[in-house]
Amino acid sequence: MAAWSRIGRGGAQQLSQSLSRAAATSEGGAAQGASALRNASGALTRCQHVSPLHGLALAGLADRCAGRGVLPPQSCRGISTTTPRMRSPAATAAAEPSDGEEAADANMPGLGPTKADEKPRLVVLGTGWAACRLLKDVDTRAYDVVCVSPRNHMVFTPLLASTCVGTLEFRSVVEPVSRIQSALATRPGSFFYLANCSGIDTRKHEVYCTTVSSEGLPSDPYNFKISYDKLVIASGAEPLTFNIKGVKENAIFLREVSHAQEIRRKLITNLMLSENPGLPEDEKKRLLHCVVVGGGPTGVEFSGELSDFIMRDVRERYTHVKDDVKVTLIEANEILSSFDVSLRQYATNHLSKYGVNLVQGIVKEVTPTEITLTNGTRVPYGLLVWSTGVGPSEFSPGGRIGVDEWLRVPSAPDVYALGDCAGFLESTGKPVLPALAQVAEREGRYLAQLLGKVAKQNGGKAHCAGNAELGEPFVYKHMGSMASVGRYKALVDLRENKDARGLSMAGFTSWLMWRSAYLTRVVSWRNRFYVAVNWATTLVFGRDNTRIG
């Protein structure tokens, strides 16, 4: 997966128009909405951009919705917001909490406000690139840190596609959050909670949480609250499906280790089932047809890994069905549209040469066994991987959570937002940033430094940062893009943007650069060792095709 190499495209005006058309057509059918989005701008296949609602700051919206600073009832990757206290805007624009709700708050277990002689408490929602970089760099001498997430690890997403076919093992691409920030496991005031955020009260500076599992706990669900001095929302975003019917039910997204495990299990299962006697020929071909939707770096890298797996391993170990295994990559426009034209052509020729069928089209509907395109073409499949990028953070209905130049959420004191779920407010005049790992990581590093400055000015406690000198605002400079296309070939595009000059190259040397870059970016030396050993083992012995689970 090429989280380090995805890049956005298009201008704010064009994107706003595309989103407006999509909203206008949503009642008429998901297909028309998807088509409007696709035709207006291919950028949404890579990241979520600005929209007319983008300028709504999270807390400002919350104040209007619930009258008390509680976030609206939305959901996000790893964060669900479904507490009974959350009401619709029309019904409770000025509603006050009932006595029962206040009593429930008072009786809810959790961490209370910090005392005057205690360190301020920093609460971080999420364990993605932005959150983990912040956790790694934050000054734990100045803050007690509490992390809330439904997973206790960070995923090194650029190498996730390699785990789907056995090039790498799953543990090689995950890093426990307690290794990233040891204070979570060793400091008395710092904790990691395996839970979802179910609500935020910005007036009372409280986060409400529900544990991932309530087995063995006093109640089901088990709820608790955390008082914060500073809150960082870095919860990521949802996969972009364009509201196409059947995608969520039938496709597999390539964003988490569990997705990669499911892809690997289904791929091996289909290969084994296709050898059963008496199976009709068309059913055998359907089982062995792997379809990837989305021609960005993620889709291209996975297609390349899959093609390499078929050419090197499947043909040797599944000789009875080797000629029936097919890979199809569906993209509405051009694959790798953010890359240089010569690199796009190289990738197209290379993938076609090694058996990947490139199809230009827009998906209309997905069923358990086939995809229907808008031109009427039906594509049977046995494995469907959906990699069209990320959509809105549902913490903010308009798209991303609006932040200022210092990554603060306006009108919500002491609240910050990072990563895929956050974007600059239109009033800042800054361009929206692409949903990239390198963006998220640098935001996390920047905010850790900013919070350190605030703490040194005695602004770490709640409501105390108003007069703190924050320094320079956040500025992002693109470092370039890389993508593997399989068979020891890769693309390297080190331009700052599509129109700038810079180094662009493809081939074996680029593949060595791609592997070297990712190996150095793996979080720990332990995982770097694991990745290097996995690569060497695969080179010598081939990929493992054991079906487990």
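When reading the values below, keep in mind they use all heavy atoms of this one structure, side chains included, and skip hydrogens, waters and symmetry mates.
- Between F156 and W129, the gap from one ring centroid to the other is short of 6.0 Å.
- Sorted by first and then second residue, the salt bridge (charged side-chain N to carboxylate O under 4.0 Å, His left out) pairs with a member in residues 535-545 read R264-D544, E305-R543, D308-R543, D313-R543; sequence neighbours excluded.
- Other residues, nucleotides and ligands contribute over 12 non-hydrogen atoms within 6.0 Å of the CD atom of E249.
- Atom CG in N545 sits 5.0 Å away from atom CZ in R317 (nearest 0.5 Å).
- Listed by chain and residue number, S149, R151 satisfy the side-chain hydrogen bond (donor to acceptor under 3.5 Å, both in side chains) test with T127 (two or more places apart in sequence, or in another chain).
- Between the side chain of E331 and the backbone N or O of G294, no donor-acceptor pair lies under 3.5 Å.
- Taking the ring centroids of W525 and F529, they lie at or beyond the 6.0 Å cut-off.
- Within a 6.0 Å sphere centred on CZ of R171, other residues, nucleotides and ligands contribute 12 heavy atoms or fewer.
- With a 6.0 Å radius and a threshold of 12 heavy atoms from other residues, nucleotides or ligands, K430 has its NZ atom above the threshold.
- Crowding of K489 atom NZ: a count of heavy atoms from other residues, nucleotides or ligands under 6.0 Å exceeding 12.
- Ring centroid separation for the pair F224 and Y193 comes in under the 6.0 Å cut-off.
- Between F474 and Y476, the distance separating the two ring centers is not shorter than 6.0 angstrom.
- Salt-bridge formation is detected for the pair R133/D137: a Lys NZ or Arg NE/NH1/NH2 atom is positioned less than 4.0 Å from an Asp or Glu carboxylate oxygen.
- Salt bridge E441/R521: present, at least one basic N to carboxylate O contact under 4.0 Å.
- Looking at residues two or more places apart in sequence or on another chain, you find no side-chain hydrogen bond (donor to acceptor under 3.5 Å, both in side chains) involving T163.
- Salt bridge status for D420 with R400: absent, with no side-chain N to carboxylate O gap under 4.0 Å.
- Exactly one of V291, L358, L306, N357 qualifies for a side-chain contact (heavy atoms from CB on, under 4.5 Å) with L329. That residue is L358.
- Within the 3.5 Å criterion, the main-chain N or O of L168 finds no donor-acceptor partner in the side chain of S172.
- For the atom pair L271 CG and L383 CG, the distance stands at 10.0 Å (nearest 0.5 Å).
- Relative orientation of the F508 and W511 rings is parallel, given thresholds of 30° and 60° on the angle between their planes.
- One finds the CD1 atom of I268 at 12.5 Å from the CD1 atom of I263 (value rounded to the nearest 0.5 Å).
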